[in-house]
Protein chains: 2
Amino acid sequence: MTNEAPQIPERNLSSSKGEAILRGGMQEFLKNGYAATSMDRVAKAAQVSKATVYSHFQDKEGLFIAIIKYLVEEKFQTIFEPIGTDNFATEPEIILKELANRMLDTASEELVFQNFMRVIIGESGRFPQLARAFVTNVEATGFRVLRDYFTHCPRFNFADPEAIARIFVGSIVHFLIVQEMLHGKDIVPMERDRLIDSLIALIVPDKKM
Amino acid sequence: MTNEAPQIPERNLSSSKGEAILRGGMQEFLKNGYAATSMDRVAKAAQVSKATVYSHFQDKEGLFIAIIKYLVEEKFQTIFEPIGTDNFATEPEIILKELANRMLDTASEELVFQNFMRVIIGESGRFPQLARAFVTNVEATGFRVLRDYFTHCPRFNFADPEAIARIFVGSIVHFLIVQEMLHGKDIVPMERDRLIDSLIALIVPDKKM
DNA sequence: GTCTATAGGCGGATAGAC
DNA sequence: GTCTATCCGCCTATAGAC
């Protein structure tokens with residue numbers, strides 16, 4: 001609206017120190033959560049002084065929100081839509097199996113994502129707007145991809161494709177939560193293929209196990 | 001092993017002050033999580049002095065663990081097995097619908113349970129033993145009840161009843177997490193009956209929606 | 001057993017030099 | 001822009017009176 005010099009378009013990720021602070025803060029907040037993270041540790045992790053942290057971000061809450069918003073809107077937005085689902089020639093059991101495996105691969109291997117979900121859920125009482133951003137950008141993306149696939153793939157004729165999408169995503173995310181995030185692998189062991197194969201057998205018609 | 005006077009069998013819930021501390025600590029820890037809760041606020045909530053808190057429990061960590069263990073082992077152990085599933089005469093769709101509705105009723109109405117899950121997941125990095133206790137006493141209980149039902153009810157003949165149980169519990173718990181705990185109700189609205197009906201249609205054979 | 005008072009440290013945030 | 005040094009409050013935990 002004014003004739004001022006153009007600003008850096010998105011958030012200021014170009015400054016070297018600013019980037020370091022975001023990376024350091026990310027490391028600490030994802031490891032410890034919001035309350036247990038101190039600005040001293042963030043500064044140390046970013047290898048800058050605490051005053052420099054406060055010159056780039058208004059306060060602890062502002063830094064935390066900036067970091068989580070970046071993760072929600074940029075880094076993990078597409079984690080639940082890892083492959084193209086516009087291929088209606090390939091057998092649905094192939095497509096769905098590939099989709100489930102990629103979701104679990106990404107989420108299981110990247111410890112960052114598990115810590116990210118831990119923080120989102122753990123802080124969802126104190127930071128409801130971040131939880132909503134997660135639902136909008138991460139969960140809803142997965143729902144949409146699967147709902148569209150179940151709607152448009154001619155092999156399916158579900159009365160409520162969106163509900164089936166919820167069941168698919170929900171089964172996989174809950175599996176991730178119990179086996180990995182809650183350290184349940186040794187308590188209630190289950191190979192991921194058992195879950196995925198049973199899920200696909202329920203969803204894909206004329207498919208006997 | 002000795003001739004000493006008999007002690008109170010389980011944890012000491014009989015002392016009036018001790019009970020108040022557990023209740024006050026529960027209120028604060030479930031509302032704020034571990035790190036954001038101060039022992040001053042616990043003492044205030046319990047209407048005792050801080051020194052009294054420390055005379056009943058070794059330290060903050062010990063109090064937290066005592067409270068969460070109580071919730072995991074006593075209060076919420078049966079939240080995922082709310083009705084008898086030994087009735088093989090009633091139609092499975094009736095049994096399963098009732099089961100799903102009771103699980104979601106209890107968990108949705110009791111805000112305490114949502115805060116409890118938030119804390120379990122949020123602190124599962126710092127307190128893995130509490131997360132494992134949750135898996136053992138709460139999640140695995142639900143898995144077992146449904147696996148046994150799918151195994152013994154003659155209407156079913158699943159290749160992997162345990163995996164089907166995971167899908168059932170996972171769909172419902174994930175629905176609870178997204179709609180309630182992550183405040184997604186207004187972002188990705190869905191009546192619970194849509195989820196439950198679609199889930200039952202997938203699981204119960206010869207049942208058309 | 002329970003209290004008041006306090007020790008001792010770490011927390012978020014800022015002042016002021018460069 | 002970045003630093004060092006510091007303010008001040010709240011934190012966990014305890015000492016000592018009753």
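Letters A, B, ... are given to chains in the order of the sequence lines, protein chains preceding strands, and every chain is numbered from 1. If you're wondering where the values come from, they're calculated on a predicted model, not measured in any experiment.
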Taken to the nearest whole Å, CD1/A:I21 to P/C:dG12 is 15 Å

Separation of C:dT2 atom C1' from B:H56 atom NE2, nearest Å, is 9 Å

- Query: Between A:F76 and A:F113, what is the ring plane arrangement, given parallel below 30°, perpendicular above 60°, and tilted in between?
  - Reply: perpendicular

When rounded to whole Å, the NZ to C1' distance for the pair B:K44 and D:dC10 reads 13 Å

Fill in: Over 12 non-hydrogen atoms of neighbours within 6.0 angstrom of CD in A:E98
yes

Distances for protein N/O vs nucleotides 11-18 of chain D N/O pairs under 3.5 angstrom?
from   : atom 1 : to    : atom 2 : distance (Å)
D:dT12 : OP1    : B:T37 : O      : 3.2
D:dT12 : OP1    : B:K60 : NZ     : 3.0
D:dT12 : OP2    : B:M39 : N      : 2.7
D:dT12 : O4     : B:K50 : NZ     : 3.3
D:dA13 : OP2    : B:Y54 : OH     : 2.9
D:dA13 : OP2    : B:K60 : N      : 3.0
D:dA13 : N6     : B:K50 : NZ     : 2.8

Notebook entry, point to check: What is the ring orientation for A:F127 with A:F64, classed by angle as parallel under 30°, tilted 30 to 60°, or perpendicular over 60°?
Noted result: tilted

Tell me whether the rings of B:F88 and B:H152 are parallel (<30°), tilted (30 to 60°) or perpendicular (>60°).
tilted

Separation of C:dT2 atom P from B:Q47 atom CD, nearest Å, is 14 Å

Basic-acidic side-chain contact under 4.0 Å: A:R192, A:D197: no

| query | Any side-chain N or O of A:T52 less than 4.0 Å from the OP1 or OP2 oxygen of D:dT2? | reply | no

inquiry  = Does B:R126 have more than 12 heavy atoms from other residues, nucleotides or ligands lying within 6.0 Å of its CZ?
reply    = yes

